[in-house]
Engineer: 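Following this message is one structure expressed as C-alpha cells.
In each ligand, atom 1 is the first atom listed, and ligand 1 is the first ligand listed. Source: prediction; values computed, not measured.
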Amino acid sequence: MRRLLIAACTGLLLVASCSHDKAASGATSATAFQPQATGRGGAAATIDVRATAAAIEILKDGGNAVDAAVAAAGVLSVTDLYSCGIGGGGLMVIYLAGEQRVVTVEHREAAPRQLRRELFYEAGVPIPTLEVMTSGLSAGVPGMVRGWETALARYGTRGLKEVLQPGIRVAEQGFEVDPFFFDQTTRNAERFKLFTSSASLFLPAQGQPLPVGATFTNPGMAKTYRLVAQGGSQAFYRGELARAIVETVTRPPMSPGAAHPVRAGVMKLSDLADYEARIREPVKSTYRGYTLYGMGAPTSGGLTLGLALNILEATSPASPNRAEMLHRYLEASRLAFADRNAYVADPEYVDVPVAGLLSKEYAAERSKALDPAKAAPGAARAGNPFAYQQDPSTLPPLAQRLPALPPSVLDVPHRETTHITTADKAGNIVAYTCTIEAEGGSGIVVPGYGFLLNNEMTDFDVPPSPATPHANIPEAGKRPRSSMTPTLVFKDGVPVLALGSPGGSSIITTVLQTLVYHLDLHMPLLEAVAAPRVSQSNVPDGKSHAEPEFIASPEAAALQAKGHTFTEANPIGALTAIRFNPDGTLTAVAEPQRRGGGSAMVVEPVR
Ligand code: GLU
C-alpha cells in the first residue's frame with residue numbers, strides 16, 4: 001500500500017491526489033498535502049504542511065528565503081518539537097543570489113565551559129549511553145535563537161518578531177495530533193514521565209499521550225516565542241529564560257518517585273550569555289561537472305559527502321546499472337566514513353584536514369581500496385588525508401595523530417532532526433537542517449516554557465577508556481560533531497538543487513544516495529527522494545543499514561551477491577529539496593511517505 005502510494009505520487013508532477021491524514025490536521029492547516037510542486041516566485045519544502053505554508057506566506061509577503069526558512073523553523077519547533085526547537089541548534093547554508101556567494105550560519109549547540117570528558121565516565125567506564133541521553137548532562141548550550149537572529153540580521157529582511165508569528169499562532173491554537181505525533185509521544189512516554197514538566201505537557205491524559213485527533217496546544221511555547229519576539233536573542237540568553245534553562249539543566253525537574261538515574265549538567269548563565277553563532281566558509285567540492293556547497297566542521301556532512309563523491313568520481317564514469325552504482329556508493333561511503341570518524345570534529349579544537357579530505361588526489365588514492373567486484377569484509381581503516389594537505393610539512397608527524405575508532409553506538413540512522421529548503425523570487429536559496437538530537441532530545445521540558453532541551457552532547461565520542469584520544473571527545477566550549485548535510489548544487493554557476501535530510505549518520509548517505517539517483521541515474525527528483533534507502537557508515541560489523549523495501553529489492557539481491565549484508569532500519573531519512581529547472585521554474589519536493597509525509601509548495605504554481 002505504502003509503495004503503491006509512492007508509485008502513484010512519483011508519476012505525477014503535481015500530486016494533489018496524494019492527500020494525507022496530516023493535511024487536515026491542525027487548526028491552522030488549510031492546504032492539501034503535496035510532496036511536489038512546480039512554479040515560480042519562490043518555493044518551500046518541509047516535513048510539515050503548516051511550516052511550508054508559513055514559509056510561503058512570508059515569501060508572498062515579500063520576505064526572502066532566509067525569512068521563510070526561519071518562519072518554517074519557528075513552526076516546526078512547535079509541530080515537530082520532538083525533532084527540533086529552540087532548545088537545540090542548526091546549520092544553515094545560504095546562497096545570496098545578488099552577491100553570487102554561499103555563506104553558512106553554524107549554530108550548533110556548544111558544551112558548557114565546565115563540561116569535561118571525565119563527566120561521561122563512572123568507575124572508569126563510560127556511563128551507559130541510554131542514561132546520558134536522558135539527562136541534564138547531555139544538554140548543550142542551545143544555538144537556535146542566536147542562529148535565527150544572526151541569519152535574519154545579516155541575510156534576511158524581517159526580524160524575529162515578524163517571522164515568529166506563525167509559530168506563535170500554531171502554539172496557541174494548537175494542531176491535531178496525528179498518528180506520527182502520537183507514536184513519537186508514546187515511544188518517549190517513559191522518559192517524559194521522569195520529569196514533571198515533560199509529563200504535564202506531553203502526557204496530560206492521566207499520564208497518557210493525547211489520542212489521535214485531539215488538539216495539542218503549547219501555551220508555554222507561545223509565551224517563550226513572545227518573549228523572544230519582544231526582546232530578541234537577549235531575552236533567551238539572559239534573564240528569566242536563561243535562568244530557567246540553567247535551573248532545568250542543573251536540577252532536572254524530577255517527578256516524585258522517578259527511579260531512573262538522571263545526571264545533572266554543568267551549564268551556567270555565562271555559557272548562555274556568551275553563546276555565539278558562527279559565520280563559516282562553506283565546504284566546496286565538485287562532482288562530474290557539478291559544484292557542491294555544504295556545511296563544514298563541526299558537521300561531518302559536507303566533508304564526508306565531498307569525499308564520497310570524489311571517490312565515486314575516481315572509480316569510473318556513472319553507470320546506468322543501478323546495482324553497480326549502489327555497490328560503488330556503499331563502498332565509497334564506507335571509506336569516507338572511516339575518515340570522517342577519525343578526523344572530523346570542531347575545527348576550533350582539532351586540526352581537521354579539510355584540503356586533504358577534499359583533494360581529488362586523495363580520493364584517487366582512497367578509491368584503490370574500493371573493489372568493484374566485492375564489498376569490503378568489515379569496517380574500513382582511515383586513510384591519511386594529512387599527506388594531501390597543501391603544506392603537509394607544517395603538520396605534526398602522523399604517529400602523533402588520532403587513531404581511527406569505530407563510531408559510537410549511537411551512530412545509527414534511526415534518529416530525529418528536520419530539514420527545511422526554501423528559495424525566493426530573487427534567487428536566494430536556503431538549505432537548513434535543525435535538531436535537538438534524539439527524538440525528544442534530552443526528554444526534559446523547561447518548566448513553563450514549552451520546549452525540550454537538546455541532548456546534543458551525546459554526539460561527542462566517548463571512547464571505552466578515558467585515556468584514549470579522539471578528535472570528537474567532549475571538551476569545554478566545544479561543539480560536537482554532527483552529520484547534518486544541508487547542501488546546494490550548482491552547474492556552471494547556476495543553481496541546480498538544494499537539499500538535506502534528518503537521520504543521524506544516515507543524513508549524509510541519504511543526501512548522497514539521492515544525488516547519485518538524481519544526477520547519475522537521472523531519476524526524477526521525487527522518485528529519488530521516495531526510493532528505498534540503504535546506508536553504509538563504516539560500522540564495525542561492516543553491514544549497511546537498509547529499509548525493508550530495499551532489502552526486498554532486486555538491487556539488494558545483486559549487492560548480496562557481491563558480499564553486502566544488511567541490518568534493517570526504518571525509516572532512513574526524510575529529505576526535502578528544491579530543483580531549479582532550466583526553464584526558470586522551481587520544483588519543490590518533500591518526502592512523500594516517511595514520518596507521515598512532508599509538504600512542498602511554490603508561490604505561483606504552474607501546470
Ligand atoms: N544530532 C545529529 C547530528 O547533528 C542528528 C540527529 C538525527 O538526525 O537524528 O548529526
Side-chain angles (χ1 to χ4, degrees), residues 46-47 73 76 80-85 87-93 104-111 129 132-134 138-144 147 180 184 187-188 278 294-305 337 340-341 344-346 407-420 431-443 452-462 472 474 478-487 499-512 533 535 537 545 569-576 591 594-595 598:
T46 78
I47 197 65
L76 287 167
D80 199 11
L81 84 173
Y82 298 138
S83 300
C84 68
L91 305 176
M92 189 185 286
V93 179
T104 77
V105 182
E106 184 255 289
H107 45 289
R108 181 85 169 147
E109 299 89 330
T129 307
V132 182
M133 270 179 75
T134 308
S138 66
V141 182
M144 232 30 189
F180 184 70
Q184 287 183 305
R187 273 197 295 273
N188 285 282
R278 300 274 199 265
M295 198 83 205
T299 185
S300 56
L303 290 169
T304 313
L305 183 74
F337 264 86
R340 172 251 192 208
N341 295 340
V344 184
D346 186 335
S408 71
V409 287
L410 268 180
D411 215 348
V412 293
H414 193 36
R415 304 247 221 108
E416 285 312 313
T417 302
T418 198
H419 182 78
I420 298 159
Y432 181 27
T433 315
C434 43
T435 188
I436 55 171
E437 199 341 72
E439 182 180 73
S442 64
L452 283 156
L453 290 172
N454 70 84
N455 61 349
E456 215 70 53
M457 302 298 95
T458 60
D459 272 0
F460 284 121
D461 280 82
V462 180
N472 188 39
K478 194 175 180 181
R479 302 183 183 199
R481 179 178 62 212
S482 169
S483 297
M484 293 190 284
T485 314
T487 304
L499 74 169
S501 175
S505 58
S506 69
I507 292 172
I508 300 168
T509 52
T510 294
V511 171
L512 181 58
R533 297 214 170 95
S535 169
S537 55
H545 288 101
N570 197 27
I572 297 178
L575 192 136
T576 70
E591 164 58 44
R594 299 173 180 94
R595 298 190 181 202

Engineer: Evaluate the side-chain proximity of P486 to M92: yes if any heavy-atom separation is below 4.5 Å, no if none is.
Structural biologist: no
Engineer: Under a 4.0 angstrom heavy-atom cut-off, which atoms of ligand 1 come close to E456?
Structural biologist: 1 (N), 2 (C), 4 (O)
Engineer: I need the atoms of ligand 1 closer than 4.0 Å to a non-hydrogen atom of D459, numbered in the order shown.
Structural biologist: 1 (N), 2 (C), 3 (C), 4 (O), 10 (O)
Engineer: Is there any N or O on G504 that sits under 3.5 Å from an N or O of ligand 1?
Structural biologist: yes
Engineer: Any idea which atoms of ligand 1 are less than 4.0 Å away from a heavy-atom of I507?
Structural biologist: 8 (O)
Engineer: Looking only at side chains, do T304 and R340 share a donor and an acceptor under 3.5 Å apart?
Structural biologist: no
Engineer: Could you tell me which atoms of ligand 1, counted from 1 in the order shown, lie closer than 4.0 angstrom to a heavy atom of T417?
Structural biologist: 5 (C), 6 (C), 7 (C), 8 (O), 9 (O)
Engineer: Could I get the full list of salt bridge (charged side-chain N to carboxylate O under 4.0 Å, His left out) partners for R533, not counting sequence neighbours?
Structural biologist: none
Engineer: When only distance counts, is P502 in polar contact with ligand 1, meaning an N/O pair under 3.5 Å?
Structural biologist: no
Engineer: Does one side chain, of H419 or S501, offer a donor that lies under 3.5 Å from an acceptor on the other?
Structural biologist: no
Engineer: State the atoms of ligand 1, each with its element, that fall below the 4.0 Å cut-off from a heavy-atom position in M484.
Structural biologist: 4 (O), 10 (O)
Engineer: Please confirm whether the backbone N or O of A139 pairs with a side-chain atom of N454, one donor and one acceptor, at under 3.5 Å?
Structural biologist: no
